[in-house]
Number of protein chains: 2
Amino acid sequence: MRNMSDIIEQYLKQLIQDSGGEVVEIKRAHIAEKFDCVPSQLNYVIKTRFTNEHGYTVESKRGGGGYIRITKVETHSKTEYLAHLKKLIGDGVSEQNANRLVQSMFENEVITIKEAKIINAAVERETLMLELPFRDTLRASILRRIIDVILYSEE
Amino acid sequence: MRNMSDIIEQYLKQLIQDSGGEVVEIKRAHIAEKFDCVPSQLNYVIKTRFTNEHGYTVESKRGGGGYIRITKVETHSKTEYLAHLKKLIGDGVSEQNANRLVQSMFENEVITIKEAKIINAAVERETLMLELPFRDTLRASILRRIIDVILYSEE
DNA sequence: CCTCTTTTGACCTTCTTTGACTATAATTAT
DNA sequence: ATAATTATAGTCAAAGAAGGTCAAAAGAGG
């Protein structure tokens, strides 16, 4: 793969899978050493690839016996999961976060890849042709409506 | 041969063929060096010879480990039909006409019922929260973008 | 000549990597 | 108990590594 951050991302996701698909607990320094990078790179990876929008929760503790725990958000109940996403969207959402949400929905098999592309296209910056902050508001509105539709058509 | 852009075009198409005829991933700077031209020439080549209309999709990423990926898309039989729809949409479209278009796409099996619902949700009056005539303009923009991804993301 | 296409380069934006400095928790020494 | 030390993790900004944009200059064709 292309770069260290991507590699570490994959590694962590594998760890989650291997441990039952829900959670993983790591030592920051340990992973950093394994991949021969600075510890703070782990923070970067987490901040860009394991956000709420991506469907993860991260907890950590400093000091002796410290750790970083990454938990995958429960998606067994599609209803709750989608309600959760709607909450994250709120009244406004950036394109970056929107993409993360869509990615998460795809990974959780709520939508297909084609649906993901359609949704992303609908909320792209260029498509929405508006200035901030209206653009983020509109994007949120569109996404919330789409999620509603997905909720309906599941039943 | 005639000029650098044509040569690079041929080279890239050859690369796609050699790798199974579907996709190629390059480093812009690397190709530029190979042909002893400025990196931005690659952008020119891509913009003039690997467009959607030519049957290609281009994705890219900046920063460390960056790349440009060119994917060849089978131009399926629906191409003309969708181009026609885009023309109909033009710079503005009412909700009613939008719904008709979406319905038509569904009936022509260009999209699934769920995709139809998603698209309709995205362009609803309520969702778009704008006054006329901006609303119709925005709706047109969204629909045109969506048709593009439908056209060029097939299979 | 005039127009269209190609070539170039300066400047911009985005993403990643790195490291110095900070914050917090546990352990050990006083 | 309290203080000092050690072990972790977090933050933030600078440096580095790509790719993107745009318009001027150069070239090709009619």
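Within every chain, numbering begins at 1; the chains are lettered A, B, ... in the order of the sequence lines, protein sequences first and strands thereafter.
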(message) Any carboxylate oxygen within less than 4.0 angstrom of a Lys/Arg side-chain nitrogen, looking at Glu126(B) and Arg145(A)?
(response) no

(request) Ignoring hydrogens and angles, tell me if any N or O in the side chain of Thr48(A) forms a donor-acceptor pair with the backbone of Tyr44(A) under 3.5 Å. (result) yes

(message) Counting only side-chain nitrogens and oxygens, does Lys27(B) get under 4.0 Å of the OP1 or OP2 atom of dA18(D)?
(response) yes

(request) Using side-chain contact (heavy atoms from CB on, under 4.5 Å) as the criterion, list what pairs up with Lys86(A), not counting sequence neighbours. (result) Arg144(A), Ile147(A), Asp148(A)

(message) Salt bridge check, Glu25(B) against Arg2(A): does any charged N sit closer than 4.0 Å to a carboxylate O?
(response) yes

(request) Let me know the distance between CG of Asn3(A) and C1' of dT17(C), rounded to the nearest Å. (result) 10 Å

(request) State which of dG10(D), dT7(C), dT16(C) makes the closest approach to the side chain of Met4(B). (result) dT7(C)

(request) Could you please name the option among dT18(C), dG19(D), dC15(C) that lies closest to any side-chain atom of Cys37(A)? (result) dT18(C)

(request) Determine yes or no for a side-chain-to-main-chain donor-acceptor pair under 3.5 angstrom, with Thr75(A) supplying the side chain and Asn108(A) the backbone. (result) no

(request) For each nucleotide in nucleotides 23-30 of chain D, reading 5' to 3', give B when a protein heavy atom comes within less than 4.0 Å of its base, S when such contact involves only the sugar-phosphate, and - otherwise. (result) --------

(message) When you measure from the side chain of Glu33(B) to the backbone of His30(B), do you find a donor-acceptor pair of N or O atoms at a distance under 3.5 Å?
(response) no

(message) Rounded to whole Å, how long is the line connecting atom CD of Gln96(A) with atom P of dT14(C)?
(response) 9 Å

(request) Could you tell me the separation between the CD atom of Glu59(A) and the P atom of dG10(D), rounded to a whole number of Å? (result) 12 Å

(message) I'd like to compare against my own output: the B/S/- annotation of nucleotides 23-30 of chain C with a strict under-4.0 Å heavy-atom distance to protein.
(response) BBBS----

(request) Would you mind listing every salt bridge (charged side-chain N to carboxylate O under 4.0 Å, His left out) that reaches into residues 43-58 of chain A, with sequence neighbours excluded? (result) Asp6(A)-Arg49(A), Glu9(A)-Arg49(A)

(message) Whether Glu22(B) and Lys72(B) form a salt bridge (side-chain N of Lys/Arg under 4.0 Å from carboxylate O of Asp/Glu) is what I want to check.
(response) no

(message) What is the distance, to the nearest angstrom, from the CG atom on Asn99(A) to the C1' atom on dC15(C)?
(response) 14 Å

(request) Determine whether the side chains of Asn120(A) and Glu124(A) contain a donor N or O and an acceptor N or O closer than 3.5 Å. (result) no

(request) Provide, to the nearest angstrom, the distance between the CG atom belonging to Asp6(A) and the C1' atom belonging to dA18(D). (result) 13 Å

(message) Treating Ser19(A) as the side-chain partner and Val23(A) as the backbone partner, does any N or O pair qualify as donor plus acceptor under 3.5 Å?
(response) yes

(message) Under a 3.5 Å distance rule, please check whether Ser141(B) uses its side chain to pair with a backbone N or O of Thr137(B) as donor and acceptor.
(response) no

(message) Using a strict heavy-atom distance below 4.0 Å, which residues from residues 38-57 of chain A are in contact with DNA chain C?
(response) Val38(A), Ser40(A), Gln41(A), Tyr44(A), Arg49(A)

(message) Any side-chain to backbone donor/acceptor pair from Glu59(B) onto Arg69(B)? Under 3.5 Å, distance only.
(response) no

(request) Using atom CZ of Arg28(B) as one end and atom P of dG9(C) as the other, report the distance to the nearest whole Å. (result) 13 Å

(request) May I ask you to check whether Gln103(A) and Asn99(A) show a side-chain donor-acceptor distance below 3.5 Å? (result) no

(request) Identify, residue by residue, the members of residues 119-132 of chain A with a heavy atom below 4.0 Å from DNA chain C, and return them in order of residue number, or none. (result) Arg125(A)

(message) Please check this pair: side chain of Ser104(A) against backbone of Arg100(A), looking for a donor-acceptor N/O pair closer than 3.5 Å.
(response) no

(request) For Asp36(A) and dT17(C), give me the distance from atom CG to atom P, rounded to whole Å. (result) 12 Å

(request) Provide, to the nearest angstrom, the distance between the CD1 atom belonging to Ile7(A) and the P atom belonging to dT16(C). (result) 12 Å

